Every structure is written in structure tokens, then in C-alpha cells.
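Below is one structure, written out as C-alpha cells, with a few remarks after it.
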Protein chains: 2
Amino acid sequence: MVRTRNSSTTKRATLADVAKVANVSAITVSRVINQPDKVSSDLCQRVQEAIDMLGYIPNQSASSLASARSGVIGVSIPSLSNIVFNDVLRGIYDVAGASDYKVLLVDTHYSPLEEEKMIRTLLSQSPEAMIITGGDQTRACERMLAKAGLPVVQIMEILNQPLDMNVGFSHYQAGFDVALKLLATGCQRLGFIGARMDARVQQRMAGFRDALQERGKLNEKFLVTTPEPSSIALGGELFRSLLSLSAGQVDGIFCCNDDLALGALFESQRMNIKVPTDISLCGFNDFESSAFVNPSLSSVHVPRYEMGVQAAQMIVQVLEGEAVAQKQRDIGFEVILRQSSRPIQ
Amino acid sequence: MVRTRNSSTTKRATLADVAKVANVSAITVSRVINQPDKVSSDLCQRVQEAIDMLGYIPNQSASSLASARSGVIGVSIPSLSNIVFNDVLRGIYDVAGASDYKVLLVDTHYSPLEEEKMIRTLLSQSPEAMIITGGDQTRACERMLAKAGLPVVQIMEILNQPLDMNVGFSHYQAGFDVALKLLATGCQRLGFIGARMDARVQQRMAGFRDALQERGKLNEKFLVTTPEPSSIALGGELFRSLLSLSAGQVDGIFCCNDDLALGALFESQRMNIKVPTDISLCGFNDFESSAFVNPSLSSVHVPRYEMGVQAAQMIVQVLEGEAVAQKQRDIGFEVILRQSSRPIQ
DNA sequence: ACAATCGATGTTTGCGCTATCATTTGACTT
DNA sequence: AAGTCAAATGATAGCGCAAACATCGATTGT
């Protein structure tokens with residue numbers, strides 16, 4: 001049997017192999033790959049041919065070890081199923097990819113303890129920077145990050161004491177504003193349904209609650225929450241719960257996200273409850289479908305993609321040694337009233 | 001100023017540092033981390049204390065280099081925005097995480113050339129296995145993968161000539177079955193709207209088309225496609241296009257995914273077209289919302305999470321040296337008829 | 001014409017870890 | 001009691017690469 005070139009049993013080619021074939025030193029091959037302008041064009045070409053011939057692929061572990069640069073940005077999000085993070089990730093990947101950084105992504109399942117474990121894993125990969133979600137890290141986790149001494153961006157919410165950099169918006173203010181808007185449309189008995197109840201959802205609820213209290217419209221019974229993860233199905237259930245708990249008195253509901261809101265809307269249709277005539281609905285996150293359902297769903301729009309982009313840009317800037325304009329950025333939100341709530345009077 | 005412990009300027013602790021503190025050799029520390037049962041319990045404890053005291057985090061690059069094991073599984077998907085991949089990823093992450101593998105995820109933007117570049121990047125991280133989407137790799141990409149000689153699972157579709165392992169289902173058969181089912185509900189003039197038109201969407205269309213042709217019900221004018229990415233908005237547009245191109249004759253539409261189908265449904269509501277009385281609709285992917293919209297949307301259910309789980313399990317099995325039962329697995333699909341199509345007569 | 005300078009290339013070394021092969025100790029066999 | 005073996009620990013070397021420094025020839029300035 002003829003020995004075929006580079007079968008899978010052959011060991012992966014190294015810099016030295018390429019160097020031998022091109023008849024140059026290993027460091028020259030390294031330069032061709034990393035700083036081609038430092039090598040004369042004919043040598044560059046000869047080396048490139050050798051690389052192609054051998055199918056050489058650099059060993060990033062060796063490179064990281066020798067240069068103390070991994071080209072990795074660690075990213076930690078609480079959930080892969082929550083599509084809210086898709087847009088953020090897309091922004092991060094777009095910017096990171098354009099600057100040749102790799103992204104190592106972990107999922108913490110909304111648990112600070114798991115987050116601590118995951119961030120330890122990330123740190124063992126020697127990332128050059130980290131993007132993490134929110135501010136609920138454990139003390140140990142904060143210590144690890146501080147000790148690692150790398151740029152960190154906390155995203156999704158504006159924090160009082162960010163570890164380093166921060167891009168997000170005020171969930172409290174968003175909840176507050178929704179309450180005011182719904183009141184302005186004439187709602188008198190507002191309710192809230194919330195699921196998962198992570199820190200950000202709690203802040204939305206707190207803002208909503210405080211606004212109602214300020215206006216003397218707060219009824220604690222109208223706040224229905226569950227630790228279960230959000231889903232459309234759950235939205236329908238919570239909608240029914242709230243209706244029965246309030247004895248059908250509620251005339252407007254702030255749903256902690258659009259999953260719940262869509263579930264509530266679909267359930268209202270099944271129950272023959274008129275939205276917004278009988279009950280107004282407002283969601284949060286402004287999914288694409290929210291603008292298209294009938295009646296279209298009022299929601300809070302958040303520039304998620306932009307948030308990912310900015311977080312990654314801040315990272316890249318710091319890593320390239322540039323100055324970062326603001327270490328904390330509020331990217332804002334917008335309450336969008338559509339057909340599921342009445343017009344402001 | 002008092003010198004505080006471990007400021008960010010301090011270098012990261014190494015095995016040797018821990019060894020010195022614990023008064024053992026470096027290799028013992030390594031063993032405590034990687035094979036604790038090979039070390040006596042008192043030493044184990046002493047070393048663990050030193051690790052905690054120094055906040056030692058292993059350098060994975062050095063470990064990979066020395067052991068030729070990275071613990072990384074490379075995953076390549078065509079799009080981060082398409083939420084179809086969320087469920088698959090969740091399955092992969094769940095299984096990989098449980099076996100202490102890290103996932104390195106790249107996005108190819110549906111481009112084989114970008115895929116080639118991304119897979120080169122992945123390979124440079126010395127992954128122990130790869131999970132990639134579909135079978136549209138470039139020749140160069142196939143060569144790289146073959147040369148790397150690692151376990152590869154191609155997911156999302158059943159391939160005629162998989163590179164190695166394969167988990168998916170037949171998109172052709174799914175399209176074919178949808179056509180038969182819609183015909184069985186009494187539709188006479190079936191149309192198709194498709195976006196992005198990647199390999200899998202094309203297969204769905206081909207199956208749909210062939211089924212219609214077999215039954216003598218094919219009208220090429222009723223197949224409307226665009227290379228643009230799918231969205232609910234685009235679904236509405238394509239719905240209108242198809243209606244006008246068919247002069248309103250179409251009485252049933254297979255939409256290449258649920259985004260388009262929801263867009264079509266919402267648009268039909270706005271146009272006062274009755275679904276399913278005037279037109280039947282069937283989507284693909286069976287999003288959660290599809291079961292909840294009114295009328296609920298017929299769709300093709302695919303066990304995506306399960307697909308991710310199986311792909312990762314196959315990988316883990318191979319890496320642990322176990323035998324893999326079947327290298328190719330058809331996980332099937334299910335056409336679910338709901339209110340957006342009439343009952344089968 | 002000769003030193004000074006610069007660009008192009010090479011040599012050496014070590015990054016932090018683990019594979020491999022000792023070495024030591026003590027328990028157990030015959 | 002000598003030999004055998006296994007468990008626990010250590011010493012050494014090398015994984016593949018790039019930083020740091022060294023070398024060499026060519027170009028420049030005066």
C-alpha cells in the first residue's frame with residue numbers, strides 16, 4: 001500500500017517542519033504568519049508555499065504560552081435559551097471577529113455559583129478580556145476577576161459599582177416609565193407578571209412598583225411572579241392567575257418580557273378578552289414578532305445588538321492600548337406603545 | 001503604602017508557586033488537580049490550601065501543550081441570529097459541560113468560505129473534536145478536517161457522504177411530507193415561500209416540489225424564493241408576492257420556516273384573508289409561538305435540543321474511547337397540523 | 001572611505017505544564 | 001529474612017512557539 005501524504009496518523013506539522021521545508025529558521029516562519037511585513041517578499045512566498053504544502057495550522061496553545069497572548073475574549077451569559085442574548089452575542093462576535101479575537105462563551109444558567117465555576121474555566125484559558133452579564137457575581141468570582149487584572153465589561157444593566165467597564169441601561173427606570181405610560185393611557189388598576197425573577201426583572205418590577213406607589217395606584221396583589229423560566233405558555237398561565245387573583249379587576253399588565261406578554265395576549269384571545277379595550281398589555285424586549293402580532297404588542301425596545309457591539313469595542317480599544325471614552329455607558333431604552341395598549345390621552 | 005496581597009500587577013501564580021508554598025514538587029500539584037486519587041489525602045489537602053491561598057488557576061495553554069489535550073470541542077454554526085441553533089447549542093453545551101469539555105463556537109454567516117476560515121481558527125485551538133453544520137464545506141475545509149484526524153459530527157441534515165459522524169433528518173422528506181399532508185387537507189393549488197435558500201431550505205423545497213409534481217399539482221409560479229435572510233417582515237412580503245404572482249389562486253402555502261409563516265399569518269390577518277378557510281399555512285421548525293398564535297400554526301417539529309445532545313454525546317463517547325452505536329443517526333421530524341390548515345379529510 | 005544605521009534573518013531561551021521514568025517506602029509473600 | 005510489589009512522590013525533559021538578543025550585509029551620511 002502506498003503511503004499517502006499526511007494521513008490522519010501523521011503528526012500535525014509544526015513551525016519547525018515548515019521551516020525545514022522552506023529552508024529558513026523557525027522564527028522566520030513565525031514572522032511570516034504574525035508580522036509578514038518584517039520578512040522579504042520572496043522569503044514570505046517560499047514560506048507560504050511550505051505552509052500550504054504541509055497544511056500547517058499554528059498551535060494556538062504554544063503561541064499563547066510563549067507570547068502570553070491568547071486572542072480570546074471570554075463571554076459569560078446566563079442562558080443560551082433566552083434569545084435576548086442572541087442579539088448581544090451577535091454584536092460581540094461581529095466586533096471580535098473583525099479584530100481577530102476568538103470568543104469563548106459560557107452559560108451560567110442564571111446561577112452565581114455556576115458563574116463562578118464557569119469564569120474560573122474561562123480564566124484558565126487565559127482570556128485577554130471578559131464580558132460578563134450583570135453584577136451578581138459571588139465575592140470569590142469578583143476576587144478572581146480582580147486578581148486576573150484584565151479588562152472586564154459588565155453588560156445588560158447599569159451598575160452602581162461596576163468592576164471595570166459597564167454597558168447597559170436602567171431596568172428600574174424602564175419599569176418606572178412603563179408604569180407612567182400605561183397610567184397615561186388611562187389604566188387605573190395595573191398589574192405585573194414576572195418570571196425567572198433575576199436581578200434585572202426584579203429591578204423592572206421595582207421601578208414599576210415604585211411608580212405606581214408614587215401615584216397611589218399600587219395594589220400588591222396585582223404583582224404576580226414565579227421563579228420558573230419564561231415561556232409563552234407560562235405567560236398565558238400567569239395572565240389567568242393575575243385575572244383571578246385580582247378578581248378580573250386589572251385593566252393593564254406589564255409583562256416582564258415579550259415571551260410572557262405574547263402568552264398573555266394569545267390567552268386573552270382565547271378567553272375572549274379584548275386587548276386593549278378590556279386590558280392593556282405591555283411587554284419587554286421588543287421581539288420582532290411583537291410588532292407584527294394582532295393587535296401589535298407594546299413593549300420596551302432595547303438596542304441589544306448595539307450593546308454587544310459597544311462592549312466588544314470597549315474591550316478591543318483597551319486591548320489595543322487606546323483610551324476608552326466612557327467606562328460606563330447607558331445605551332437607553334424606548335417604551336413603544338402599540339395596539340395592545342390604548343393611546344395616551 | 002502597604003503592599004497589598006496579589007494586586008493585579010502581580011504575575012499569575014503557577015504550579016511551581018503552589019508547589020513551593022505547599023512544600024511539594026510541581027508534579028504533585030498537577031496530580032492533585034488532575035488525578036487527586038493518586039495523591040495521599042493529607043498532601044492533597046495541603047496542596048489545596050496552597051491553591052486557594054494563591055488563587056491559583058491552571059494555565060490551560062500550557063496544559064494543552066504538554067498533554068496534547070485541550071478539552072475543547074469546536075462548534076461551527078451558520079448563524080447566531082437564527083434561533084433554530086439555540087436549541088441545538090443548548091444540547092451541545094449541556095452535554096459538553098457535564099463532561100468538562102469547553103465549547104468554542106464560531107459563526108460562518110452561511111458562507112462556506114467563511115466557514116473554512118473559521119474552521120481553520122478552530123483547528124488552531126487544537127480542539128479534540130468538531131461539530132459542524134451541514135455538508136457544504138469547501139474542498140480545502142474537508143481536507144483540513146481529514147488531516148486533523150479528529151472526530152467530526154455534521155448536524156442538521158442527513159448527508160449522503162458524511163465526513164465522519166452525522167446527526168440530522170431529511171429536509172427533502174420533510175418538504176415532501178408537508179406537500180402530501182396539505183394535499184390531504186384538500187388544498188389544490190399549493191405554493192411555497194422561501195428565504196435564505198441555504199442547502200437545507202432548498203432540500204425542503206425540492207421535496208415539496210417533487211411531491212406536487214408526482215401528484216400533478218405543481219405550478220412553478222407558486223414557488224417564491226429570495227436569498228435574503230428570513231424574518232417575520234419578509235414573510236409578510238413574500239406572502240403578498242405569492243398572492244399577486246398567483247393572482248390570488250393559491251389555497252395553501254408551505255413556508256420554509258416559522259418566521260416566514262408567522263409573517264404570512266399576521267399579514268393575512270391584516271389583509272382580511274381567512275386562514276385556513278381561504279388559505280392554509282404551514283411553517284417549519286415549530287417555534288413555541290407557533291402553537292400559541294391564533295389560529296395556531298401548522299409546522300414541522302424537529303427535536304433540535306435532542307440533536308445537539310446526540311451530537312455531543314457521540315463526540316464524548318468517541319473521546320472516552322467508547323464505541324459509537326451508529327455513526328449516522330436520523331432523528332426524524334413530525335409534521336404537526338394545527339388550525340392554520342384544515343383537518344385531513 | 002568609513003562609521004553609523006537599518007532591515008532581514010538567525011540563535012537561544014523559556015513560557016507552564018505533564019509524560020515518562022526514577023526513587024522511596026512499607027506491606028506482603030514465601 | 002530476602003524478595004516482590006504497589007503506592008506515593010519526585011526529577012527530568014520536552015511540548016511548539018515567540019521574546020529577546022545577536023548577527024550580517026547593505027545603505028546612508030559626511
Side-chain angles (χ1 to χ4, degrees), chain A residues 10-48 50-51 54-72 100 120-121 123-128 148, chain B residues 10-48 50-51 54-72 100 102 121 123-128 148:
Chain A
T10 316
K11 262 206 136 182
R12 178 170 163 183
T14 69
L15 261 195
D17 298 333
V18 177
K20 203 174 296 173
V21 170
N23 197 28
V24 296
S25 72
I27 192 70
T28 299
V29 180
S30 170
R31 288 200 184 100
V32 169
I33 292 168
N34 300 310
Q35 333 172 33
D37 47 321
K38 299 258 180 186
V39 180
S40 65
S41 58
D42 55 334
L43 257 198
C44 228
Q45 196 186 334
R46 209 163 85 212
V47 169
Q48 194 59 56
I51 288 177
L54 294 174
Y56 171 70
I57 293 178
N59 182 327
Q60 181 59 45
S61 296
S63 174
S64 300
L65 186 57
S67 68
R69 295 207 52 218
S70 64
V72 165
D100 276 329
R120 189 187 308 278
T121 300
L123 286 175
S124 79
Q125 307 288 324
S126 312
E128 299 185 30
Chain B
T10 316
K11 262 206 138 182
R12 178 170 162 182
T14 70
L15 262 196
D17 298 333
V18 176
K20 203 173 297 172
V21 170
N23 196 29
V24 296
S25 71
I27 191 71
T28 300
V29 180
S30 169
R31 287 200 186 101
V32 169
I33 293 168
N34 300 309
Q35 333 172 33
D37 47 322
K38 300 258 180 186
V39 181
S40 66
S41 58
D42 55 333
L43 258 198
C44 228
Q45 195 187 334
R46 206 163 87 214
V47 169
Q48 195 57 59
I51 288 177
L54 294 173
Y56 170 70
I57 293 179
N59 182 327
Q60 182 58 45
S61 296
S63 173
S64 302
L65 186 58
S67 68
R69 295 208 50 218
S70 64
V72 165
D100 277 328
K102 290 138 265 181
T121 301
L123 286 175
S124 78
Q125 308 288 324
S126 313
E128 298 185 32

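Here the structure is a predicted model, which means the values were calculated and not measured. Basis for what follows: all heavy atoms, side chains included, without hydrogens, waters or symmetry-related copies. Chain A is the first sequence line, chain B the second, and so forth, proteins listed ahead of strands; every chain is numbered from 1.
- Closest to the side chain of I27(A), from the set dA18(D), dG16(D), dT18(C), is dA18(D).
- If you measure from atom CG of D17(B) to atom P of dC15(C), you get 11 Å, rounded to the nearest angstrom.
- The CD atom of Q60(A) sits 16 Å away from the P atom of dG16(C) (whole-angstrom rounding).
- Phosphate proximity of dA19(D) to S67(A): absent, as no side-chain N or O sits under 4.0 Å from OP1 or OP2.
- dG16(C) atom P lies 14 Å from atom CD1 of I57(B), rounded to whole Å.
- The closest donor-acceptor contact from the side chain of R12(A) to the backbone of P58(A) lies under 3.5 Å.
- Within the 4.5 Å cutoff, the side chain of V32(A) has no heavy atoms near those of the L43(A) side chain.
- R69(A) has its CZ atom 14 Å from the C1' atom of dA19(D), to the nearest Å.
- If you take NZ of K20(B) and P of dG16(C), they are 12 Å apart, rounded to a whole angstrom.
- Look at CG on D37(B): it is 9 Å from P on dA8(D), rounded to the nearest Å.
- For S63(B), no side-chain nitrogen or oxygen approaches OP1 or OP2 of dC17(C) to under 4.0 Å.
- Taken from CD1 in I57(A) to CG in L123(B), the straight-line distance is 4.5 Å, to the nearest 0.5 Å.
- The side chain of S40(A) sits closest to dT9(C) out of dC17(D), dA11(D), dT9(C).
- Note on L15(A): only backbone sugar-phosphate atoms sit closer than 4.0 angstrom, heavy atoms only; bases stay farther off.
- Annotation: side chain of Q60(A) is not in contact with side chain of S126(B) (no heavy-atom distance under 4.5 Å).
- Atoms CD (Q35(B)) and P (dA7(D)) sit 13 Å apart, rounded to a whole Å.
- The residue among L65(A) and S25(B) whose nearest nucleotide of DNA chain D lies closer to the 5′ end is S25(B).
- One donor-acceptor pair, N or O on each side, does fall under 3.5 Å between the base of dG10(D) and the side chain of R31(B).
- Considering CD of E128(A) and OG of S64(A), their distance stands at 8.0 Å, rounded to 0.5 Å.
- Residue N59(A) places its side chain closer to dG16(D) than to any other of dA18(D), dC17(C), dG16(D).
- Regarding N23(B), its CG atom lies at a distance of 13 Å from the P atom of dT9(D), rounded to whole Å.
- Applying the 4.0 Å criterion to OP1 and OP2 of dG10(D), one finds that T28(B) has a side-chain N or O inside that range.
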